[in-house]
A.B. asks: 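I am attaching a structure below and will ask some questions about it afterwards.
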Number of protein chains: 2
Amino acid sequence: MALRHAVLAALLDGESSGYELAKAFDAGMANFWHALPQQLYLELTKLEKDGLIQGRAVIQETRPNKRLFSVTDAGLAELERFAESSAKPAFIRDDLLVKVRAVDSLSAKAVIEQLEERALIAAAKIDIFERYLHRQRGDVDEQAFLSSGDRIGPYLTCMRGLRFEQETADWCGQTAQILRVRYGVGADA
Amino acid sequence: MALRHAVLAALLDGESSGYELAKAFDAGMANFWHALPQQLYLELTKLEKDGLIQGRAVIQETRPNKRLFSVTDAGLAELERFAESSAKPAFIRDDLLVKVRAVDSLSAKAVIEQLEERALIAAAKIDIFERYLHRQRGDVDEQAFLSSGDRIGPYLTCMRGLRFEQETADWCGQTAQILRVRYGVGADA
DNA sequence: CGTGATTACTCATAATGTTGAGTATGCTCA
DNA sequence: TGAGCATACTCAACATTATGAGTAATCACG
């Protein structure tokens, strides 16, 4: 029952179609949850059936018709219940860490390459997140925005995503460097 | 096929029973993967059937008998294959982030409490990880250990876990503080 | 002497997440 | 003019993870 609440939380940004949500939950932007389009469409159907969101059809001329969903009062109440229930601990679960853990028994080259690739991906996300944060806070500085802006939830979670990616980029870069030195693999992996 | 490789990587530390692995993959220690005992026992059975690990029974007088597993050559080869295949991106997937994302539409108290609780949990993990790192490197400093120690994979992944938890503790603390100020909830939540 | 924690493991089922294959239309760019 | 991309969504099958309920012995605590 977790995607359920992630979708509700995302819909607080305003009415949205499955397709738009799918983009938001995809690799690029998902700073607080990740899901594939198929899951989202399914979840939206269930949420509507349960009365937690309501959809309205939008007939389009030039594009396929779509349905825009928004959170109902029952949905808000459900989110409130969710927020009060105890959160389960979050874990890192990452293929790349498994590979690094085993690196002493493997040929390091592939691992180094993947660390460097991951660092680049993280750098791209950092860029996206920084732009988003800047756009959100507008002219005021961060402190001022956080104390008086009218919607800070998305900002706060994006901050977390940003720091996570910065940490990822740093660790991947440093780890790749250490392994390169140890195993004499050139920098131009 | 991911737990599979996590188990293989964990067994590189040396022969281990399902029970011991279960502790290592549990909340406290799992700095590179997380799994429940039931999953591990199942996976160990499959790994043995596939010849990637081999078990040997140890008959104990005072405790139930157990089976210790170690990685075979085929298992090592499988890990090598895994390391060379491209890693799928890692995502944060955390209930608490969902709650923070939605906090503007909720009563903030419960969210603040959970942020503070999470910060404490993270602090405890930081402690565990720091001790582990210190024990691993022994007398030499980190740089020296990383360039000449004989097994650095576990050290590197634990570093990642450490930083992740530090980031968690910082962000949770700061976020709780911001929300406390905004919503006038006392520090003694 | 019995309550609860630790060691050591198993089985079944439910919930979640991933993969693959479709359907359909229209827009843009070469 | 046709290849590829964006919009917009659906269905089915599979893989992975999580949950709940047991079994059974020993040990430490009061």
Side-chain angles (χ1 to χ4, degrees), chain A residues 1-7 15-30 33-50 53 55-69 82 85-95 98, chain B residues 1-7 15-30 33-50 53 55-69 82 85-95 98:
Chain A
M1 294 288 185
L3 174 58
R4 194 174 193 74
H5 301 108
V7 170
E15 235 185 10
S16 172
S17 68
Y19 188 74
E20 284 168 321
L21 281 178
K23 275 191 293 183
F25 278 77
D26 189 26
M29 231 295 280
W33 202 268
H34 172 257
L36 297 167
Q38 293 93 321
Q39 275 175 275
L40 291 168
Y41 285 115
L42 208 66
E43 198 60 50
L44 285 169
T45 307
K46 286 192 223 156
L47 280 165
E48 195 184 22
K49 204 187 62 196
D50 296 345
I53 61 174
R56 90 190 155 82
V58 174
I59 283 89
Q60 301 187 114
E61 306 277 281
T62 77
R63 303 253 155 237
N65 298 339
K66 63 180 172 182
R67 279 157 58 62
L68 294 178
F69 296 94
F82 170 65
S85 72
S86 77
K88 46 185 80 157
F91 299 108
I92 292 185
R93 209 171 240 176
D94 185 352
D95 278 5
V98 175
Chain B
M1 296 290 186
L3 174 58
R4 194 176 193 71
H5 301 107
V7 170
E15 230 185 15
S16 171
S17 68
Y19 188 75
E20 283 168 322
L21 280 178
K23 276 190 295 184
F25 277 77
D26 189 26
M29 233 294 281
W33 201 267
H34 172 255
L36 298 166
Q38 294 94 317
Q39 280 174 270
L40 291 167
Y41 285 114
L42 208 68
E43 199 60 51
L44 286 168
T45 306
K46 287 194 223 154
L47 280 165
E48 195 183 23
K49 204 187 63 196
D50 296 346
I53 61 174
R56 90 190 155 83
V58 174
I59 284 90
Q60 301 187 116
E61 306 277 284
T62 77
R63 301 255 153 236
N65 297 339
K66 63 181 172 182
R67 279 158 59 62
L68 295 178
F69 297 93
F82 169 67
S85 73
S86 78
K88 47 186 78 157
F91 299 109
I92 292 186
R93 209 170 239 178
D94 184 351
D95 278 4
V98 176

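When reading the values below, keep in mind they use all heavy atoms of this one structure, side chains included, and skip hydrogens, waters and symmetry mates. Proteins come first, then strands; the chains are lettered A, B, ... in the order of their sequence lines, and each starts at number 1.
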A.B. asks: Whole Å only: how far is the CG atom of B:L21 from the C1' atom of C:dT7?
C.D. replies: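 It is 14 Å, rounded to the nearest whole Å.
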
A.B. asks: Can you check the B:F69 CZ to C:dA8 P distance for me, whole Å?
C.D. replies: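 After rounding, the gap between these two atoms is 13 Å.
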
A.B. asks: In whole Å, I'd like the distance from the CZ atom of A:F25 to the C1' atom of C:dT18.
C.D. replies: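 For the pair A:F25 CZ and C:dT18 C1', the rounded distance is 17 Å.
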
A.B. asks: Please find the pair of heavy atoms, one from A:L47 and one from A:R4, that lie closest to each other, and give the distance.
C.D. replies: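 Heavy atoms of A:L47 and A:R4 come nearest at CD2-CG, 3.7 Å.
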
A.B. asks: Start with the C-alpha distance between A:V7 and A:I53, add both sets of side-chain angles, then the distance that settles side chain to side chain contact (heavy atoms under 4.5 Å, CB included), and finish with yes or no.
C.D. replies: CA-CA 10 Å; A:V7 170; A:I53 61 174; 5.6 Å; no

A.B. asks: CG of B:L40 versus P of D:dA18: gap in Å, rounded?
C.D. replies: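 Spelled out: CG on B:L40 to P on D:dA18 is 11 Å.
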
A.B. asks: Output the rounded distance in Å from CG (A:L36) to C1' (C:dT19).
C.D. replies: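 Answer to the nearest Å: 9 Å.
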
A.B. asks: Just the rounded figure in Å: distance from C1' of C:dA8 to CZ of B:R56.
C.D. replies: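 In whole Å, C:dA8 C1' lies 16 Å from B:R56 CZ.
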
A.B. asks: What is the minimum heavy-atom distance between B:G18 and B:L44, and which atoms define it?
C.D. replies: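 Taking B:G18 first and B:L44 second, the nearest heavy atoms are CA-CD1, 3.5 Å.
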
A.B. asks: Starting at the 5' end of DNA chain C, which residue's closest nucleotide do you reach first, B:P64 or B:K88?
C.D. replies: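 Looking at DNA chain C, the more 5' nearest nucleotide goes with B:P64.
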
A.B. asks: Rounded to whole angstrom units, what separation is found between the CG atom of B:N65 and the P atom of C:dT10?
C.D. replies: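 It works out to 12 Å between those atoms.
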
A.B. asks: Grab the N/O contacts between the protein and nucleotides 15-17 of chain D below 3.5 Å, and write none if there aren't any.
C.D. replies:
{"residue": "D:dT16", "atom": "OP1", "partner": "B:M1", "partner atom": "N", "Å": "2.0"}
{"residue": "D:dT17", "atom": "O3'", "partner": "A:R93", "partner atom": "NH1", "Å": "3.2"}

A.B. asks: When you measure from the side chain of A:Y19, which nucleotide among D:dC9, C:dC11, D:dC27 comes out closest?
C.D. replies: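 Nearest listed nucleotide: D:dC9.
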
A.B. asks: State which of C:dT18, D:dA8, C:dT7 makes the closest approach to the side chain of A:R63.
C.D. replies: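 Given the options C:dT18, D:dA8, C:dT7, the side chain of A:R63 is closest to D:dA8.
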
A.B. asks: Quick one: closest heavy-atom pair of B:G55 and B:R67, and the distance?
C.D. replies: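 Taking B:G55 first and B:R67 second, the nearest heavy atoms are C-NH1, 4.2 Å.
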
A.B. asks: Which nucleotide in the set D:dA8, C:dT19, C:dT10 lies at the smallest distance from any side-chain heavy atom of B:Y41?
C.D. replies: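 Selected nucleotide: C:dT10.
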
A.B. asks: A:K23 side chain: which of D:dT7, D:dA18, C:dT18 is closest?
C.D. replies: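 Of D:dT7, D:dA18, C:dT18, D:dT7 is nearest to the side chain of A:K23.
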
A.B. asks: Ignoring hydrogens, what is the shortest heavy-atom contact between A:L3 and A:A35? Give both atom names and the distance.
C.D. replies: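 In this case the closest contact between A:L3 and A:A35 is CD1-CB, 3.8 Å.
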
A.B. asks: What does B:Q60 touch in the nucleic acid at a heavy-atom separation under 4.0 angstrom: a base, only the sugar-phosphate, or nothing?
C.D. replies: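 Here B:Q60 touches the backbone only, sparing every base.
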
A.B. asks: Set out, in order, the CA-CA distance, both residues' side-chain angles and the distance that settles side chain to side chain contact (heavy atoms under 4.5 Å, CB included) for B:R93 and A:W33, then state yes or no.
C.D. replies: CA-CA 5 Å; B:R93 209 170 239 178; A:W33 202 268; 3.3 Å; yes

A.B. asks: Tell me which nucleotide among D:dC27, C:dT19, C:dA8 gets nearest to the side chain of B:T62.
C.D. replies: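 Looking only at side-chain atoms, B:T62 lies closest to D:dC27.
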
A.B. asks: D:dA8 P sits how many Å from A:E61 CD, rounded?
C.D. replies: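 So the CD-P distance, A:E61 to D:dA8, works out to 14 Å.
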
A.B. asks: Return the minimal non-hydrogen interatomic distance between B:H34 and B:F25, and the atom names on each side.
C.D. replies: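 Reported closest heavy-atom pair: CD2-O, 3.1 Å.
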
A.B. asks: Does B:Q38 get its side chain close enough to the base of D:dG20, under 3.5 Å, for a donor-acceptor pair?
C.D. replies: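 Such a pair is found, so the answer is yes.
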
